[in-house]
Amino acid sequence: MAEMAKAAVLTAPGVFEFREYPIPEINDDEMIIKVQGCGVCGTDGHEYKRDPFGLCPVVLGHEGSGEIIKMGKNITVDSAGKPVKVGDSIVTCIIPCGECSACKNTPARTNLCESVGVYGLFPDDEVHLNGYFATHMKIRKGSTFFNVSDMTLDQRLLVEPSAVAVHCVERAKTTGLLNFNTKVLVQGAGPIGLLVMAVLRTLGIENLIAVDGNDNRLEIAKTMGASQVYNFTKYESFDAMLADIKANNAGFAADFVFQCTGVAQAGANAWKLIRRGGGLCEVGFFMDGGNCSINHHFDLCNKEVTAVGSWVYTPQDYPTTFAFLKRAAGIGLPVEQLVTHHFPLDQIKDALEANVTMAGIKIAVVNE
């Protein structure tokens with residue numbers, strides 16, 4: 001009888017069913033991993049609440065790591081050329097289609113692939129084991145993956161969101177506006193915003209300002225390197241908060257802003273937080289946050305703002321991300337403490353509820 005795997009299948013918004021499936025056979029270019037754990041992403045929370053992508057039934061979970069238990073003979077190294085064998089722990093990245101214009105013409109920007117695949121965001125199919133909220137997962141041919149056996153489990157569960165932060169900082173660096181003396185403001189002290197602060201701190205940027213509506217998250221922002229924090233709920237208006245920020249910074253707003261909230265109004269406010277000659281990086285989320293309005297004269301042209309967008313990450317960002325996590329630990333940034341909750345797989349619903357109610361920072365589902 002075939003060995004069985006268990007998966008938490010989201011069958012409808014708010015409804016999980018635990019189903020068992022045979023662990024599938026593999027060909028020479030595939031692997032089976034035993035899932036060790038997976039972080040809960042905001043995208044998982046949106047899918048759990050209302051299935052906006054129309055994926056149900058689906059096995060969610062894309063911030064995971066697992067141990068290789070079966071491996072095809074054609075697989076000898078990971079996507080960075082590092083040797084890999086049965087027993088090693090890996091994380092996965094995106095699965096580029098290899099056929100679209102982005103894949104063929106801009107191979108270093110496969111995050112722009114028109115048909116990109118992501119484990120945990122595949123609708124159910126004959127494989128079934130397509131997401132990390134399960135005991136096992138099948139790794140398909142063409143996947144990008146990395147050997148991370150030298151990292152702790154919590155570090156591994158932070159790789160994917162950290163790659164989002166690393167990628168957006170790399171995009172911001174293309175403006176030429178980030179240096180040791182740059183005053184950077186980060187809007188949103190959720191997991192992504194906090195990791196952006198940590199990435200900036202490892203690069204030697206010490207003038208960090210955090211804006212959020214949650215005092216607990218702002219306190220954590222201080223541990224990531226923020227020297228000033230502002231809770232926008234404590235002000236009668238955005239203009240009042242902006243005036244306070246300027247009063248505490250010699251009459252100027254920020255040199256550079258990272259907009260990490262996914263909220264339309266915050267997207268509009270971000271432009272007003274930038275001083276003349278400054279820059280902006282809008283950090284993209286999988287969800288459409290809606291339209292926002294800016295005054296193109298005062299917010300953009302008059303200030304000559306340089307703006308970039310950032311969309312998830314590329315496989316090339318992953319080795320940089322591993323170096324970031326090790327460097328963060330080396331300088332004493334408590335990045336691993338961002339994983340605030342661990343739930344077993346059979347409490348997956350509690351984990352998702354903790355995520356959507358913002359009961360912690362990074363919620364994780366772990367297997368024994």
Side-chain angles (χ1 to χ4, degrees), residues 24 26-39 41 43 59-122 125 127 129-132 134 136-151 155-168 170-171 195 284 286 310-326:
I26 60 170
N27 63 33
D28 293 341
D29 299 293
E30 298 173 334
M31 294 186 292
I32 300 293
I33 63 171
K34 183 177 181 181
V35 176
Q36 296 159 317
C38 184
C41 177
T43 302
V59 180
L60 295 171
H62 58 273
E63 297 181 353
S65 180
E67 175 191 352
I68 301 170
I69 61 171
K70 293 182 181 180
M71 186 168 66
K73 67 178 183 180
N74 290 341
I75 302 173
T76 58
V77 296
D78 70 7
S79 298
K82 184 176 181 179
V84 64
K85 64 185 185 304
V86 170
D88 284 337
S89 294
I90 66 166
V91 293
T92 51
C93 189
I94 59 175
I95 310 174
C97 75
E99 298 297 328
C100 71
S101 175
C103 286
K104 290 184 174 180
N105 298 316
T106 54
R109 302 184 73 182
T110 50
N111 58 314
L112 302 180
C113 170
E114 298 291 346
S115 303
V116 68
V118 178
Y119 288 106
L121 294 173
F122 288 121
D125 59 15
V127 175
L129 304 175
N130 295 317
Y132 281 96
H136 298 76
M137 196 169 78
K138 183 175 181 177
I139 307 301
R140 308 176 183 214
K141 180 181 179 179
S143 299
T144 53
F145 71 95
F146 298 88
N147 185 346
V148 288
S149 301
D150 59 343
M151 300 174 72
Q155 282 180 324
R156 285 182 256 142
L157 302 189
L158 288 170
V159 166
E160 196 272 353
S162 294
V164 173
V166 165
H167 184 77
C168 78
E170 289 298 316
R171 290 285 294 144
L195 286 166
F286 264 71
S310 179
W311 184 245
V312 292
Y313 40 74
T314 70
Q316 291 86 349
D317 290 315
Y318 266 50
T320 305
T321 299
F322 306 148
F324 151 67
L325 286 167
K326 292 172 184 177

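Scope of the values below: all heavy atoms of this structure, side chains included, with no hydrogens, waters or symmetry mates.
No side-chain donor from either of E114 and S101 sits under 3.5 Å from a side-chain acceptor of the other. Judged purely by distance below 3.5 Å, without hydrogens or angles, the side chains of T314 and D317 pair a donor atom with an acceptor atom.
Residues T92 and E160 form no side-chain contact, since every pair of their non-hydrogen atoms from C-beta on lies 4.5 Å or further apart. Taking 4.5 Å as the limit, every side-chain heavy atom of S79 sits out of range of all side-chain heavy atoms of P315. For the pair V159/M151, a side-chain contact is recorded, criterion being any heavy-atom separation below 4.5 Å from C-beta on. Counting heavy atoms from C-beta on, the side chains of V91 and Y318 come closer than 4.5 Å. You'll find the side chain of I95 stays beyond 4.5 Å of the side chain of T144, heavy atoms only. Side-chain contact check for D78 versus I90: every heavy-atom pair is 4.5 Å or farther apart.
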Q: Walk me through it: do R140 and F122 pass the test side-chain contact (heavy atoms from CB on, under 4.5 Å)?
A: CA-CA 12 Å; R140 308 176 183 214; F122 288 121; 4.2 Å; yes
Q: Might you work through the side-chain contact (heavy atoms from CB on, under 4.5 Å) test for F145 and V84, ending with a clear yes or no?
A: CA-CA 10 Å; F145 71 95; V84 64; 4.1 Å; yes
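Nearest approach of G98 to C103, heavy atoms of both residues: N-SG, 3.3 Å. Residues H167 and N111 come closest through the heavy atom pair NE2-ND2, 3.6 Å. The two residues T110 and V116 make their nearest non-hydrogen contact at O-CG2, 4.4 Å. Minimum interatomic distance between V127 and D125 (heavy atoms only, all atoms of both residues): N-OD1, 2.9 Å. Counting all heavy atoms, side chain and backbone alike, C41 lies closest to E63 at CB-OE2, 3.3 Å. Scanning all heavy atoms of the two residues, the minimum distance from D28 to K73 falls at OD2-CE, 3.2 Å.
The line from OG of S89 to CD of E67 is 6.0 Å long, rounded to the nearest 0.5 Å. The CD1 atom of I26 sits 9.0 Å away from atom CD1 of I69, with the distance rounded to the nearest 0.5 Å. The structure places CZ of R109 at 13.5 Å from CH2 of W311, a figure rounded to the nearest 0.5 Å. Distance OG1/T321 to OH/Y313: 9.5 Å, rounded to 0.5 Å. Note that CE of M31 and CE of M137 are 9.0 Å apart. Values are rounded to the nearest 0.5 Å. Taken to the nearest 0.5 Å, the CD1 atom of I32 stands 7.0 Å off from the CG atom of L129.
A salt bridge does not link K138 to D29: none of the charged nitrogens lies less than 4.0 Å from a carboxylate oxygen.
Because its NZ or CZ atom is not both nearer than 6.0 Å to the ring centre of F322 and within 45° of the ring axis, R156 does not count as a cation-pi partner of that residue.
Summarising the local packing, NZ of K70 is surrounded by more than 12 heavy atoms from other residues, nucleotides or ligands at distances under 6.0 Å. No more than 12 heavy-atom neighbours from other residues, nucleotides or ligands sit within 6.0 angstrom of NZ on K141.
S162 contributes a side-chain N or O that, together with a main-chain N or O of L158, makes up a donor-acceptor pair within less than 3.5 Å. Checked by atom type and distance alone, the side chain of N105 never pairs as donor or acceptor with a backbone atom of A102 at under 3.5 Å.
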